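A short worksheet on the structure shown next.
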Amino acid sequence: MKLQFRENWRIWLLVVFVLVSTVTIFAPLGGSGGITGPAENGTDAANAAGSQYTNLQFGLELSGGTQVRAPLVGMTVSDLEFGPDAESGIEGTLQDELGLGAGDVRADAETGTVEVFDDSVAGNTTQAEFAAALRTAGYDVQEDDVRMGVTSDTREGVEDVLNDRLRERGLGGGSVTQVAGPGQRYVVVEVPGANRSEVIDLIGDRGQVEVWALYPGENGTQTQSLLSQSDLAEIGGAQQERGETFVPIRLNEEAGQRFGEAMRQNGFAQEGGTRCSYDLERPLEENMESDPGRCLLTVLDGEVVFAAGVAPNLATAFESGSFDEDPSYRTTTTSFEDARELEINMRTGALRTTLDIEERGTTFFLLPSLAEQFKPLSILTGAAAVLAVALTVFFRYRRTEIAAPMVLTAAAEVYILLGFAAAVNLALDLSHIAGFIAVIGTGVDDLVIIADEIMQQGDVSTSRVFRSRFRKAFWVIGAAAATTIIAMSPLAVLSLGELQGFAIITIVGVLIGVIITRPAYGDILRTLVLRADD
């Protein structure tokens, strides 16, 4: 049987998509799977989430791991009227009135909202105190105007940062999403193959990195915040060299000039560098009382994680002004693990606020050994569905040339859908498996409509007759597909947990069927049953 490309291009299109899916599923494309196995630098969590021999990723229910579901810490007042020039004044007033830091208050003139993120140990800012602070700032706000929770912009920012952290960690299959909860929205973090402590360590802190200068002043030792993440232009990878671990960074032009000037004003630009005797085992206040010298402090979420003096060559660069032209230096740490943590926080940025895990959050851990049992059961369920469909089709038509292509086309549709999942790194869960089974059912149902429309109305003697009958069947299939997509779209768009995964797989499967597999089956059927050309 010859397949002319012009007449049977839909069949060739199906073949191309099957080949492309094979590449995305099995080729070593740099993911945690691939035919070469897991990447050498992958973590245990990444290996648990991915297949050893494919690029398929598995979610929590098929690989085990941890899920954290919690709201974000914060309170919001909306519908205020103020201009961009008033933002800093509002933030400063609230910081003074509530005893909060610069990163704990955010005023946005564009949306007319003011947020407070009190995630300190005390964390006791009340709605009444928030309202009173805003009244001090000149706005008529009552306690009832304050709602618990943060703005959508803050939630999306937290979601982006946490997803970046998962990617930087190489945690394959990890995801961060938002779902609706009682009274407010929740952030859901799922990390396959990781235990609770690993996930909490990853997402529990803001990750705010700052560089402070500590130096003798007129009234004793004092500190000055010099740099934050927004001042960093380039961040190198964590390195270890001659027993020293560090992260190379480059400042942007404005920050480089500001940093160099501060170093010169505070006595860091001196020949031979500066001495630093800062003790990391003691609190900052105690170190300031003991005259530790001139130190550059690396501060993570308000805690000093490293302190060092300025090396002679860097001090010379400050003094000559060459640092202002090339603002690059190393942020040193005590261990490679700390350097890697610092690098990740610098790259991904800081969270505006944290997840309220302890008070209003929930955590769920599924043993990987238990989750592994779901994989063969899922495969068995899919195989049983295909077998049941195949037997039903063969029993109905009793003709191999009609039934066999139908089953093979339906299987190709599922295979292409797997290729899509591998291409977009979709972490497969039980909800997605249910979607695959639904796609098998709807796919074969459409193919049966095609076969019935063509075969149950008498012999097909010409191409014109075949095209006319196929067109009628395809209109029915197209209408059913549109109905399915419209019905599933709200589930795919809304954050409804597992229903979202089911809806996405079903919609993509229907589109693949209508665009690729249904037309291809029509060409196959025409080639097999057509008795005569026009």
Side-chain angles (χ1 to χ4, degrees), residues 91-105 117-125 204-232 243-247 249 251 255 258-319 323 329-335 337-339 341-342 345-346 350 354:
E91 293 173 353
T93 300
L94 265 62
Q95 291 165 25
D96 294 338
E97 292 293 318
L98 302 176
L100 300 176
D104 298 328
V105 180
F117 318 116
D118 188 359
D119 60 351
S120 61
V121 176
N124 54 4
T125 300
D205 298 322
R206 284 195 186 183
Q208 290 180 322
V209 180
E210 297 177 272
V211 175
W212 293 0
L214 184 145
Y215 55 92
E218 295 180 357
N219 300 318
T221 303
Q222 61 188 55
T223 61
Q224 179 183 358
S225 178
L226 301 178
L227 300 173
S228 64
Q229 278 132 315
S230 61
D231 297 320
L232 308 181
E244 182 182 62
T245 57
F246 57 89
V247 179
I249 63 174
L251 309 180
R258 186 179 71 246
F259 187 63
E261 181 62 28
M263 292 294 95
R264 288 186 286 273
Q265 289 182 354
N266 297 324
F268 286 83
Q270 55 184 262
E271 184 178 355
T274 65
R275 174 191 64 85
C276 177
S277 59
Y278 192 98
D279 186 358
L280 293 175
E281 300 297 325
R282 300 166 58 195
L284 173 63
E285 293 75 12
E286 293 185 12
N287 275 281
M288 294 177 66
E289 293 174 358
S290 61
D291 187 21
R294 284 182 167 82
C295 307
L296 285 181
L297 308 181
T298 302
V299 182
L300 177 61
D301 290 325
E303 179 182 355
V304 179
V305 295
F306 194 79
V310 173
N313 58 341
L314 185 58
T316 301
F318 288 143
E319 184 178 13
F323 179 86
Y329 77 105
R330 297 175 174 181
T331 298
T332 312
T333 62
T334 55
S335 67
E337 289 75 17
D338 290 341
E341 184 73 21
L342 198 62
N345 285 320
M346 286 180 172
T354 57

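Please read these numbers as outputs of a predicted model, since none were measured by experiment.
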- May I have the step-by-step check of side-chain contact (heavy atoms from CB on, under 4.5 Å) for Arg330 and Leu314, ending in yes or no? CA-CA 10 Å; Arg330 297 175 174 181; Leu314 185 58; over 6 Å; no
Separation between [atom1] of [X] and [atom2] of [Y], rounded to the nearest 0.5 Å:
X: Glu91; Y: Gln95; atom1: CD; atom2: CD; answer: 6.5 Å
X: Leu300; Y: Gln208; atom1: CG; atom2: CD; answer: 9.0 Å
X: Leu232; Y: Leu227; atom1: CG; atom2: CG; answer: 7.0 Å
X: Thr274; Y: Tyr215; atom1: OG1; atom2: OH; answer: 13.5 Å
X: Phe306; Y: Leu297; atom1: CZ; atom2: CG; answer: 10.5 Å
X: Thr125; Y: Leu98; atom1: OG1; atom2: CG; answer: 5.0 Å

How close do [X] and [Y] get, heavy atom to heavy atom, and via which atoms?
X: Leu251; Y: Phe323; result: CD1-CZ, 4.1 Å
X: Thr221; Y: Met288; result: O-CE, 3.0 Å
X: Ala315; Y: Gln270; result: CB-O, 3.3 Å
X: Glu210; Y: Ser225; result: OE2-OG, 3.2 Å
X: Thr245; Y: Ala339; result: CB-CB, 4.5 Å
X: Gly309; Y: Cys276; result: N-CB, 3.3 Å

- Item | Pair Leu214-Leu284, side-chain contact (heavy atoms from CB on, under 4.5 Å): steps then yes or no | CA-CA 10 Å; Leu214 184 145; Leu284 173 63; 3.8 Å; yes
Hey, does the side chain of [X] reach the backbone of [Y] with a donor-acceptor pair shorter than 3.5 angstrom?
X: Asp279; Y: Asn287; answer: no
X: Thr223; Y: Ala213; answer: no
X: Asp231; Y: Ser228; answer: yes
X: Arg294; Y: Asn266; answer: yes
X: Glu286; Y: Pro283; answer: no

- In terms of heavy-atom contacts, does CD of Gln224 have more than 12 from other residues, nucleotides or ligands at under 6.0 Å?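 Yes, because the 6.0 Å sphere around CD of Gln224 holds more than 12 heavy atoms from other groups.
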- Task: Carefully, step by step, assess Tyr329 and Ile249 under the rule side-chain contact (heavy atoms from CB on, under 4.5 Å).
- Result: CA-CA 6 Å; Tyr329 77 105; Ile249 63 174; 3.5 Å; yes
- Message: Quick test of your reading of the model: are Glu261 and Arg258 salt-bridged, counting only N-O distances below 4.0 Å?
- Response: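 No salt bridge links Glu261 with Arg258.
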